[in-house]
Amino acid sequence: ILCDGVGLGKTRTAAAALMAVKAESALILASTKLHDQWRDELNIVGVPPSNYRLMSKEQLGRKELSELREFLDYDMIVVDEAHQGLKNNRTKLYRNLTFMKSHSNKNVSGLLLTATPWNNARSDVFNIGLLFLRRENVPSETPYDKYLRFSPRKASKAIETDDRAFAAFWRDLFLQRTRKTFGGQD
């Protein structure tokens, strides 16, 4: 999950990530008003238009499970402004993405972008991070591993009070850079 501040190039970084992992088919969920910006950034780094599909989160969120079969062949899903619609694991968008991940014809990866991952509660952050987490890749000695065996609701409630587990979860899944990281001032 890329959590760089506003204006630090999350879109271009995501476009470059698509090139780096040689994604042949990516679904990019972004606000319709940002589609031109996405196309420009993807073009700048050389991602061919045939390798991605732009769609709004709202469009995907309105789909019924029976309509999701056409979305099972992507090798990467990028979600811009991931805090909108994904901090709550009971939204239709969250349900649809979970279905797509679990029924994918490929080993689909996810890249979530947000400048504001922390809005209300630790459970928001946990739900966002859990979406594309491959639980089988989490070492058993990781402080949050035990929560991954709980139901999502019970897990997000439990991690609220476990500072050590939450800190490890954040460290392992979230990359947050600031202007200072890039040599500027905050």
Side-chain angles (χ1 to χ4, degrees), residues 1-4 10-11 14 17 23 26-32 34 53-140 142-176:
I1 297 135
L2 181 59
C3 307
D4 288 354
K10 288 182 295 298
T11 305
L27 175 63
I28 301 169
L29 300 175
S31 172
T32 304
L34 297 176
R53 175 179 177 181
L54 279 163
M55 175 181 235
S56 74
K57 290 182 296 202
E58 293 76 20
Q59 287 174 301
L60 185 66
R62 285 193 295 267
K63 301 276 185 195
E64 296 300 325
L65 290 177
S66 61
E67 299 175 280
L68 297 177
R69 295 282 173 216
E70 71 176 283
F71 298 96
L72 301 181
D73 288 319
Y74 292 105
D75 46 25
M76 181 172 268
I77 299 173
V78 178
V79 183
D80 198 4
E81 301 293 341
H83 61 281
Q84 296 172 347
L86 297 180
K87 65 183 180 178
N88 179 341
N89 63 14
R90 291 183 293 272
T91 66
K92 205 167 168 188
L93 176 62
Y94 200 102
R95 180 206 65 183
N96 287 355
L97 286 168
T98 300
F99 177 88
M100 290 163 58
K101 177 187 168 200
S102 64
H103 291 84
S104 174
N105 297 323
K106 299 181 177 183
N107 195 10
V108 67
S109 297
L111 176 58
L112 307 178
L113 312 175
T114 176
T116 54
W118 186 277
N119 283 330
N120 298 310
R122 286 181 175 183
S123 59
D124 297 347
V125 174
F126 187 71
N127 288 330
I128 292 169
L130 200 57
L131 185 58
F132 283 101
L133 179 66
R134 291 196 175 106
R135 295 173 182 164
E136 66 276 8
N137 293 340
V138 176
S140 60
T142 304
Y144 57 87
D145 176 65
K146 63 184 172 190
Y147 300 125
L148 301 178
R149 298 183 189 129
F150 295 176
S151 70
R153 189 174 195 177
K154 185 177 177 184
S156 65
K157 195 169 191 131
I159 205 163
E160 288 268 350
T161 58
D162 188 334
D163 293 341
R164 184 170 166 263
F166 182 78
F169 186 78
W170 178 272
R171 181 194 65 237
D172 290 352
L173 282 111
F174 291 79
L175 173 61
Q176 188 171 35

Quick check for you: to the nearest 0.5 Å, what is the distance between E64 atom CD and R95 atom CZ? 6.0 Å

Could you grab the distance from atom CD1 of I28 to atom CG of L34, nearest 0.5 Å is fine? 12.0 Å

Any side-chain heavy atom of N127 within less than 4.5 Å of one from L86? no

What's the separation between atom CD in E67 and atom CG in N96, rounded to the nearest 0.5 Å? 9.0 Å

Note, V78 side chain near L29 side chain (heavy atom, < 4.5 Å): no

Return the CE to CG distance between M100 and D73, rounded to the nearest 0.5 Å. 10.5 Å

Measuring from atom CG of L97 to atom CG of L112, what distance do you get when rounded to the nearest 0.5 angstrom? 8.5 Å

4.5 Å side-chain heavy-atom contact, M55 and L27: yes

Side chains of L60 and K92, heavy atoms from C-beta outward: is any pair under 4.5 Å? no

Is there a donor-acceptor contact under 3.5 Å from the side chain of D80 to the main chain of A30? no

All heavy atoms of L133 vs all of K101, minimum pair found to be O-NZ, 2.8 Å

If a pair satisfies side chain to side chain donor-acceptor pair (under 3.5 Å) and one of its residues is in residues 150-159, list it, with sequence neighbours excluded. none

Under the side-chain contact (heavy atoms from CB on, under 4.5 Å) criterion, do D172 and Y144 qualify, and how do the steps go? CA-CA 10 Å; D172 290 352; Y144 57 87; 2.8 Å; yes

For E81, is there any backbone N or O sitting under 3.5 Å from a side-chain donor or acceptor partner on K57? yes

Please evaluate residues V138 and L148 with respect to the criterion side-chain contact (heavy atoms from CB on, under 4.5 Å), reporting the C-alpha separation (whole Å), side-chain torsions for both, the decisive distance (0.1 Å), and the verdict. CA-CA 9 Å; V138 176; L148 301 178; 3.8 Å; yes

Are any non-hydrogen side-chain atoms of F174 and V125 less than 4.5 angstrom apart? yes

Of all heavy-atom pairs linking L130 and P152, the shortest is CD2-CB, 4.5 Å

Main-chain N/O of S104 paired to Y74 side chain as donor or acceptor, under 3.5 Å: no

If you take all heavy atoms of F132 and S109, which pair is closest and at what distance? CD2-C, 4.0 Å

Provide the closest heavy-atom pair for H103 versus L72 in the form atom of the first, atom of the second, distance. O-CD1, 3.6 Å

Go through the steps to decide whether F169 and F126 satisfy the test ring pair (Phe, Tyr, Trp, His ring centres under 6.0 Å), and finish with yes or no. CA-CA 8 Å; F169 186 78; F126 187 71; 4.9 Å; yes

For the residue pair L68 and K63, establish whether any side-chain heavy-atom pair is separated by less than 4.5 Å. yes

Of the non-hydrogen atoms in T114 and H83, which two are nearest, and what is the gap between them? OG1-ND1, 2.6 Å

E160 (side chain) donor-acceptor with S123 (main chain) under 3.5 angstrom: yes

Main-chain N/O of D145 paired with T142 side-chain donor or acceptor, under 3.5 Å: no

Would you compute the distance between atom CG of L113 and atom CD1 of I1 and round it to the nearest 0.5 angstrom? 10.0 Å

Taking D162 for the side chain and I159 for the main chain, is one N or O donor matched with an acceptor at less than 3.5 Å? no

For the pair T91 (side chain) and G85 (backbone), establish whether a donor and an acceptor sit closer than 3.5 Å, ignoring hydrogens and angles. yes

Determine whether R134 and N107 satisfy the following criterion, side chain to side chain donor-acceptor pair (under 3.5 Å), listing intermediate values before the conclusion. CA-CA 10 Å; R134 291 196 175 106; N107 195 10; 3.2 Å; yes

Under 4.0 Å between a Lys/Arg side-chain N and an Asp/Glu carboxylate O for E70 and R53? yes

Electrostatic pair R122-D163, nearest N-O below 4.0 angstrom: yes

